[in-house]
Amino acid sequence: MKKFLSLVLVLVMAMSVVTISAGAASFSDSANIEYLEAAELLHGLNIHPGFEDGTYAPQNQMSRGFAAKCLVYCMLGADKAAKLPTGKTVFKDVTPDYRYAPFVNYLAEQGLISGYEDGTFKPGDLISAAGMLKMALGVLGYKKDYTGANWQWEVRTDAKAAGLMDGIADFRADSADREQEEWWALQRDECAQIMMNALTSAVVTYADGKATPVAGTKAAHYDITAGAAADEIMQLCEKSMPGLKKDAKATDFLDREGTGWFLNDEQVAFILE
């Protein structure tokens, strides 16, 4: 009898632990993450994960090399991106043994990044809002040459139209002068939001200064909410990970409502309401 009661007690304690942790955020510092849904999704897809100590460090800033890696994962899907070849040198400061070299090289070979006039990419420099959005536009298919004195404004205009800035507060400026638009380095959670937006934005063909959405198929269309009608426009995730779906009325095993993200019917993120 004592053994039975002991077993019951162990089971009750185990269930209480599960109940407490069920639906909880993946990160111990989740209260500081402004764009939590994006952080959870990109973590669940192993594109933009947290750290081994259980934190996400949302206010930390990101390097240009890591941003390239994340965007290539969004563009190709994790399986293909992880198999990109090594051993190439496109930029003189991106050596073959640099951990993000395959992704920087791939974007360069696709004509999505060009680096600096001195032949460098400066992969360790922090990525700015303008730089991140410019690369994301390229991943979606925009072939526009963003150069000149006002290139940041052109990037911002196209990024807003493409949906890359959906849900994002106005970016902080480099100085106290908020008219100054040479945006400073982005935080990790801001980058996650841009990447989530990229995954759900339309892939385009770009010609004669005009972006035209690529047609998708209803059978493989990304549904922003389970059961929603397809619009026959291809989102990036439909191309790179067609099994990704979002259900805004999902429930967890405790029947609590929230937003669920699923990849090939396996839940990768859940955010309580």
Side-chain angles (χ1 to χ4, degrees), residues 11-60 62 70-71 73-74 77-78 136 162-170 186-202 216 218-231 233-273:
L11 290 173
V12 169
M13 291 177 66
M15 291 177 65
S16 67
V17 170
V18 172
T19 301
I20 291 171
S21 62
S26 301
F27 316 107
S28 60
D29 54 354
S30 61
N32 298 321
I33 302 175
E34 186 172 357
Y35 306 107
L36 182 60
E37 181 179 352
E40 290 282 354
L41 173 61
L42 274 294
H43 172 72
L45 295 173
N46 201 32
I47 293 173
H48 188 267
F51 297 98
E52 291 181 358
D53 64 358
T55 65
Y56 191 75
Q59 280 77 50
N60 281 15
M62 281 176 56
C70 292
L71 285 170
Y73 266 63
C74 290
L164 291 174
M165 295 175 66
D166 288 357
I168 298 179
D170 288 341
L186 288 179
Q187 296 177 172
R188 282 170 51 84
D189 59 351
E190 291 171 331
C191 287
Q193 183 70 27
I194 291 174
M195 285 184 282
M196 183 176 78
N197 289 343
L199 283 171
T200 56
S201 291
K218 288 187 177 182
H221 184 72
Y222 163 81
D223 294 331
I224 195 163
T225 302
D231 62 8
I233 294 175
M234 180 180 286
Q235 279 84 9
L236 179 60
C237 63
E238 182 184 346
K239 181 179 180 181
S240 62
M241 48 189 85
L244 184 67
K245 292 185 179 181
K246 176 181 178 179
D247 186 350
K249 296 182 179 179
T251 56
D252 65 7
F253 72 92
L254 293 176
D255 205 31
R256 296 177 297 184
E257 291 191 354
T259 298
W261 285 88
F262 303 84
L263 181 61
N264 301 325
D265 297 323
E266 181 179 346
Q267 184 175 292
V268 293
F270 183 82
I271 300 89
L272 285 171
E273 289 184 349

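Along the sequence shown, residues are numbered consecutively beginning with 1.
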Could you give the distance from [atom1] ([X]) to [atom2] ([Y]), rounded to the nearest 0.5 Å?
X      : Y      : atom1 : atom2 : answer
Ile194 : Asp166 : CD1   : CG    : 11.0 Å
Gln187 : Ile33  : CD    : CD1   : 11.0 Å
Glu257 : Thr259 : CD    : OG1   : 10.0 Å
Ile271 : Asp252 : CD1   : CG    : 11.5 Å
Leu45  : Leu244 : CG    : CG    : 6.0 Å
Gln193 : Leu186 : CD    : CG    : 11.5 Å

Within-4.5 Å side-chain heavy-atom neighbours: [X] and [Y]:
X      : Y      : answer
Lys246 : Glu37  : yes
Met195 : Leu71  : yes
Ile47  : Met241 : yes

For [X] and [Y], work out which heavy atoms get closest and say how close.
X      : Y     : result
Arg188 : Ala57 : CD-O, 3.2 Å
Glu190 : Tyr35 : CG-CE1, 3.7 Å
Cys74  : Leu42 : SG-CD1, 4.4 Å
Gly50  : His43 : N-ND1, 3.2 Å

Apply side-chain contact (heavy atoms from CB on, under 4.5 Å) to [X] and list each qualifying residue two or more places apart in sequence or on a separate chain.
X      : value
Asn46  : Pro49
Asp53  : Phe51, Thr55
Asn32  : Asp29, Pro58, Gln59
Ala162 : Leu137, Leu140, Tyr142, Leu164

Legend entry - Chi angles and distances behind the side-chain hydrogen bond (donor to acceptor under 3.5 Å, both in side chains) call for Glu40, Trp261: CA-CA 9 Å; Glu40 290 282 354; Trp261 285 88; over 6 Å; no

Legend entry - Residue list, ring-ring contact (aromatic ring centres under 6.0 Å, His included) with Tyr56, at least two apart or on another chain: Phe27, His48

